[in-house]
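Side chains included, hydrogens not; waters and symmetry mates left out as well; all remaining heavy atoms used.
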Amino acid sequence: MEIRTLTHAEIDLLNQIDRTETIQQIYYYRDGDLVLENEIYQVPDWDPGEKARRVAALQALYDQGATFFGAFEGARLLGMAALGHPFTGSGERRLNLEGLWVSHAARGVGVGRALFQSAVQEARVRGAQALYVSATPSENTVRFYRNLGCRPAQPIDSALFEKEPQDIHLELLLVE
């Protein structure tokens with residue numbers, strides 16, 4: 001597997017990612033605690049129109065200074081991560097992980113971890129004190145980020161919360 005920085009044109013490779021997933025448990029904040037509840041969802045792949053909309057939005061983020069990383073096996077894209085720019089508006093020196101996607105067939109073998117570590121390394125280079133993650137509340141996603149050292153964000157970024165209020169807002173401290 002090769003991890004490398006993507007160009008603007010390569011963001012279109014998002015079309016190769018199969019995001020299908022069966023979710024069996026979802027996290028919620030209840031009285032300030034993370035609570036896992038049984039809920040089953042079949043998450044389909046994005047339809048072509050949604051993929052085109054997402055690619056255009058990600059290319060706009062690239063134009064604003066975001067950095068994109070791709071995980072490849074030969075010419076095939078296994079996953080993609082996007083590190084936002086500039087710092088979040090919460091008054092902290094935090095950069096937002098705009099997204100991390102791993103194709104269904106490539107999950108569980110370290111692709112996501114490698115992409116996350118690439119984003120962390122870039123965030124440190126840019127002088128960030130923390131990496132902000134607005135995580136889909138599925139058990140697998142939240143567990144993935146927590147296993148990488150993320151904790152509940154303090155403070156929660158109000159703009160990012162407004163954008164994704166159902167997500168679990170986390171951060172990884174990059175400096176002690």
Side-chain angles (χ1 to χ4, degrees), residues 1-8 10-11 13-14 17 19 21 26-29 32-36 54 57-73 77-103 106-176:
M1 173 178 59
E2 174 193 7
I3 305 288
R4 64 177 173 78
T5 304
L6 299 178
T7 66
H8 185 278
E10 289 176 311
I11 294 169
L13 294 173
L14 181 75
I17 292 178
R19 76 168 198 134
E21 179 180 8
I26 298 287
Y27 277 101
Y28 291 96
Y29 273 112
D33 294 320
L34 274 178
V35 176
L36 195 56
R54 287 182 178 270
L58 292 172
Q59 288 173 330
L61 282 173
Y62 184 97
D63 293 341
Q64 296 167 13
T67 303
F68 287 76
F69 301 96
F72 291 87
E73 187 172 90
L77 181 72
L78 304 174
M80 179 185 293
L83 179 65
H85 181 79
F87 292 112
T88 65
S90 60
E92 306 292 324
R93 290 185 59 83
R94 296 190 289 192
L95 288 172
N96 186 35
L97 184 67
E98 295 283 348
L100 192 154
W101 307 273
V102 176
S103 205
R107 293 184 191 140
V109 295
V111 174
R113 179 180 292 273
L115 288 166
F116 184 81
Q117 292 303 329
S118 294
V120 166
Q121 182 177 9
E122 177 65 16
R124 284 188 169 121
V125 166
R126 290 198 213 163
Q129 294 176 346
L131 183 64
Y132 195 92
V133 178
S134 181
T136 301
S138 70
E139 176 188 24
N140 290 340
T141 301
V142 173
R143 182 183 300 140
F144 168 77
Y145 287 118
R146 294 201 66 186
N147 285 342
L148 291 170
C150 294
R151 63 174 199 187
Q154 293 297 326
I156 289 178
D157 184 277
S158 60
L160 294 172
F161 182 81
E162 184 176 311
K163 183 178 172 187
E164 297 177 308
Q166 300 302 317
D167 281 5
I168 304 301
H169 293 255
L170 305 168
E171 68 181 348
L172 177 70
L173 297 179
L174 302 178
V175 295
E176 296 300 320

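- Annotation for L97 and F116: closest pair CD2-CD1, 4.0 Å, computed over non-hydrogen atoms.
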Evaluate F72 against L6 for side chain to side chain contact (heavy atoms under 4.5 Å, CB included), listing each step before the verdict. CA-CA 11 Å; F72 291 87; L6 299 178; 3.7 Å; yes

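- Using bins of under 30°, 30° to 60° and over 60° for the plane-to-plane angle, the ring pair F68/Y62 lands in the tilted bin.
- L34 has its side chain within reach of R146: a pair of non-hydrogen atoms, C-beta onward, lies under 4.5 Å apart.
- Of all the heavy atoms in R126 and F87, the pair that sits closest is O-CZ, 3.7 Å.
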Pair T5-F69, side chain to side chain contact (heavy atoms under 4.5 Å, CB included): steps then yes or no: CA-CA 4 Å; T5 304; F69 301 96; 3.9 Å; yes

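- Atom CD of E164 sits in a crowded spot, with more than 12 heavy atoms from other residues, nucleotides or ligands closer than 6.0 Å.
- The shortest non-hydrogen separation linking C150 to V133 is SG-CG2, 4.3 Å.
- In this pair, F161 and H169 present their aromatic rings tilted. The plane angle is within the 30 to 60° band.
- For Y132 (side chain) and D157 (main-chain N/O), a donor-acceptor pair under 3.5 Å exists by modelled atom type.
- Here the closest non-hydrogen pair linking S138 and T141 is OG-OG1, 2.9 Å.
- Of all heavy-atom pairs spanning E98 and L83, the tightest one is CG-C, 4.4 Å.
- Contact record, A81 with L115: CB-CB, 4.0 Å, taken as the closest heavy-atom pair.
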